[in-house]
Amino acid sequence: MSAAPLISASGTDARVEVLDLNAAEALSFVTDRRRATDLAAAQELEGVAHWADLHRVGRADLLRGAVGAVDREIRDALPCRPLRDDETALGRERELRLAGQGAFMIEEYAVAELATALGLTEHSGRAYVGQAVELRDRLPRCWAQVMAGRLPVWEARQVAERTIPLSDETAAAVDAAVAPFAHRMTVGRIARLVEAAVLRHQPDLAAERAAEAAEHRGVWFDDQLDGTTDLSAHLDTPDAAALDHALDSVATTLGRLGDTDSRAVRRARALGVLADPQYALDLDATADGTGQSDDPATAARRVTPVRAVPTLHLHLHLDAVSAFGLDGSRAGNTEPGADQAEVDLVRVDRAGRRLGARTRETLERWVAGLTPGAGLHVTPVVDLTEEIAVDQYEIPSRLRRQVVERDPTCMFPWCGNAGRHDLDHLLAYVPMDEGGPPGQTSTSNLHRLCRFHHRLKTHGRWRVDRPPGGADPGVVWTSPHGRRYLVTSDGTTRLDPVEPPRS
């Protein structure tokens with residue numbers, strides 16, 4: 001069977017029957033597509049840098065939009081200087097320096113338009129723009145390699161990210177050292193070259209970075225859906241070595257006491273042992289033969305440490321409360337045909353953080369392992385279908401809980417920020433003594449926004465509306481360039497663009 005051509009006769013819509021290719025043709029097909037992808041990425045990068053050029057601070061059309069009152073919820077002091085140096089500029093658009101020393105400033109809200117069109121978060125969009133400008137203006141050798149197709153964009157962006165904080169001299173040294181060989185280097189080796197340049201050209205910065213790294217030491221936990229938790233830590237190297245040694249020591253002790261799990265699992269359990277110093281001492285005593293019991297069964301039981309579990313907050317529907325027997329109505333009811341509701345998932349919060357849904361089996365395992373004094377708090381789920389409305393600007397706690405339950409993250413396209421947030425009125429609130437209608441602070445007129453996207457919505461020429469119908473209609477955003485996005489609790493969907501509003 002002859003292979004299908006790699007390019008269609010018309011030169012468009014080149015569809016390839018990959019399964020018809022032999023090994024050599026398949027290899028050529030894959031490498032051709034990779035080269036085409038790299039070229040397209042280079043052209044996109046060039047377009048991003050040009051977008052930044054079109055939105056340099058100081059353009060004649062910068063002062064678009066009327067000057068009005070500042071939203072009362074966002075009068076906080078701003079970390080960056082507003083574009084207009086007057087009292088009415090609080091909360092308004094600021095200027096961003098996203099690339100390194102000497103780079104031009106960019107209009108803050110312009111990045112939001114680009115990032116949303118590319119399906120990026122605001123943070124990722126700012127990083128992309130900054131790296132594009134950094135490469136073109138401060139790393140010209142690397143930029144030329146990218147445009148020639150010899151250096152992949154993703155690798156060049158890694159270089160740019162590391163040179164943005166550096167002086168022009170150091171950035172130029174990195175550019176000269178890396179550009180000829182970057183396509184043959186790993187990211188780790190590039191990072192070492194950058195650090196070497198910093199040590200040589202900016203030793204004060206190297207010392208400052210070392211001190212700053214020490215300030216960012218910490219330990220973080222990320223709860224997973226399967227009932228386990230990922231742990232990451234940033235430690236001084238001697239402390240990390242000491243912890244590594246201690247984990248090995250406890251894992252070895254657990255093995256001596258009959259624990260048959262893999263060494264990796266025993267090291268993970270060793271962290272729980274070290275969290276209870278008395279248990280660790282008892283474990284060592286048992287392993288040394290100085291414990292109170294030599295019974296192997298007793299020793300095996302001690303392999304599993306007793307864990308102190310913080311209070312878990314369970315958010316259940318009312319029928320779920322009954323199905324678990326937590327309301328006393330069905331606990332222990334095992335009669336055939338008993339009216340037991342099917343409950344498979346439970347939403348769990350811990351220490352103010354939403355952990356998400358967990359299976360009933362996971363919950364039962366957690367409950368079985370609770371130690372005396374641990375807490376279990378059950379809260380029925382808020383009714384999201386009820387329309388709550390009040391005749392005031394301030395949001396009562398019952399309404400706030402409902403909106404936060406409905407909107408788990410910021411409702412701007414692609415944002416997903418679940419941290420600090422504002423509850424924003426979709427239609428601006430008008431005081432009733434100034435002619436405003438009743439019930440403006442309501443379920444349907446509120447949505448959750450992070451602080452930046454609240455400012456963007458208020459002052460950045462974005463429009464937002466709530467479409468009618470459905471249990472979760474979400475909100476529809478329209479950008480200054482007429483691009484539309486539907487945001488629901490399930491995420492962001494691109495919609496057909498509309499004619500952009502005239503400036």
Side-chain angles (χ1 to χ4, degrees), residues 6-7 11-16 29-57 59 96-100 103-164 171 174-175 178-179 182-185 187 190 412-416 456 460 462 477 479-485 491-497 500:
L6 296 183
I7 302 177
T12 61
D13 192 24
R15 299 289 298 175
V16 176
F29 170 79
V30 170
T31 55
D32 286 346
R33 291 301 186 271
R34 172 57 61 87
R35 282 193 292 269
T37 299
D38 288 344
L39 176 60
Q43 293 173 335
E44 180 183 306
L45 186 75
E46 191 173 25
V48 169
H50 181 58
W51 176 268
D53 285 338
L54 294 174
H55 296 86
R56 294 188 183 213
V57 169
R59 287 172 51 85
L96 298 174
R97 185 185 301 281
L98 300 177
F104 57 85
M105 307 292 279
I106 300 169
E107 299 168 20
E108 180 184 29
Y109 294 162
V111 179
E113 174 87 49
L114 177 67
T116 308
L118 294 178
L120 301 175
T121 65
E122 179 68 18
H123 176 78
S124 297
R126 291 185 183 190
Y128 194 3
V129 172
Q131 292 156 5
V133 174
E134 175 77 4
L135 277 164
R136 189 193 61 186
D137 295 352
R138 298 221 305 160
L139 304 174
R141 294 179 177 87
C142 287
W143 176 267
Q145 294 282 66
V146 171
M147 293 300 112
R150 290 188 288 270
L151 178 60
V153 168
W154 69 268
E155 196 166 355
R157 289 179 61 186
Q158 293 283 334
V159 179
E161 180 65 23
R162 288 168 168 79
T163 61
I164 286 174
V174 171
D175 191 32
V178 169
H183 61 290
R184 291 183 283 178
M185 295 181 181
V187 173
I190 291 173
F412 190 82
W414 317 110
C415 181
L456 183 69
W462 285 74
W477 290 84
S479 80
H481 285 263
R483 294 178 179 268
R484 299 169 67 239
Y485 308 88
T492 302
T493 303
R494 289 185 175 89
L495 303 177
D496 293 333

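Since the structure is predicted, the reported quantities are computational estimates derived from the model, not experimental observations. Positions are given from 1 along the sequence.
Two residues are said to be in side-chain contact when any heavy atoms from C-beta on lie closer than 4.5 Å; Leu456 and Trp477 fail this criterion.
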Show, in sequence, the C-alpha distance, side-chain angles and deciding distance for Leu151 and Trp143, and conclude whether the side-chain contact (heavy atoms from CB on, under 4.5 Å) test is met.
CA-CA 9 Å; Leu151 178 60; Trp143 176 267; over 6 Å; no
Output, in order, the C-alpha distance, side-chain angles, deciding distance and verdict of side-chain contact (heavy atoms from CB on, under 4.5 Å) for Ile190 and Gln158.
CA-CA 8 Å; Ile190 291 173; Gln158 293 283 334; 5.8 Å; no
Would Tyr485 and Trp414 count as a side-chain contact (heavy atoms from CB on, under 4.5 Å) if you check the C-alpha gap in whole Å, the side-chain angles of each, and the deciding distance to 0.1 Å?
CA-CA 9 Å; Tyr485 308 88; Trp414 317 110; 4.2 Å; yes
Steps toward salt bridge (Lys or Arg N to Asp or Glu O under 4.0 Å) verdict (Glu122, Arg126):
CA-CA 6 Å; Glu122 179 68 18; Arg126 291 185 183 190; 2.8 Å; yes
I'd like to know whether Arg162 forms a salt bridge (Lys or Arg N to Asp or Glu O under 4.0 Å) with Glu134, so could you lay out the CA-CA distance, the side-chain angles of the two residues, the decisive distance to 0.1 Å, and finally the verdict.
CA-CA 10 Å; Arg162 288 168 168 79; Glu134 175 77 4; over 6 Å; no
For a side-chain contact (heavy atoms from CB on, under 4.5 Å) check, start with the C-alpha distance between Phe104 and Asp53, then their side-chain angles and the critical distance, and finish with the verdict.
CA-CA 9 Å; Phe104 57 85; Asp53 285 338; 3.4 Å; yes
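The two atoms that bring Ala156 and Val146 nearest to each other are CB-CG2, 3.4 Å, heavy atoms only. Nearest heavy atoms, Gly130 versus Ala99: O-CB, 3.7 Å.
The closest donor-acceptor contact from the side chain of Trp51 to the backbone of Ala110 lies under 3.5 Å. Between the Thr163 side chain and the Ala160 main chain, a donor and an acceptor come within less than 3.5 Å of each other.
Between Asp38 and Arg35 there is no salt bridge, since no side-chain N of the basic residue sits under 4.0 Å from a carboxylate O of the acidic one.
The CD atom of Glu44 lies 11.5 Å from the OG1 atom of Thr37; values are rounded to the nearest 0.5 Å.
In this structure, Arg34 places its CZ atom where only 12 or fewer heavy-atom neighbours from other residues, nucleotides or ligands lie under 6.0 Å away. Within 6.0 Å of CZ in Arg97 there are more than 12 heavy atoms belonging to other residues, nucleotides or ligands.
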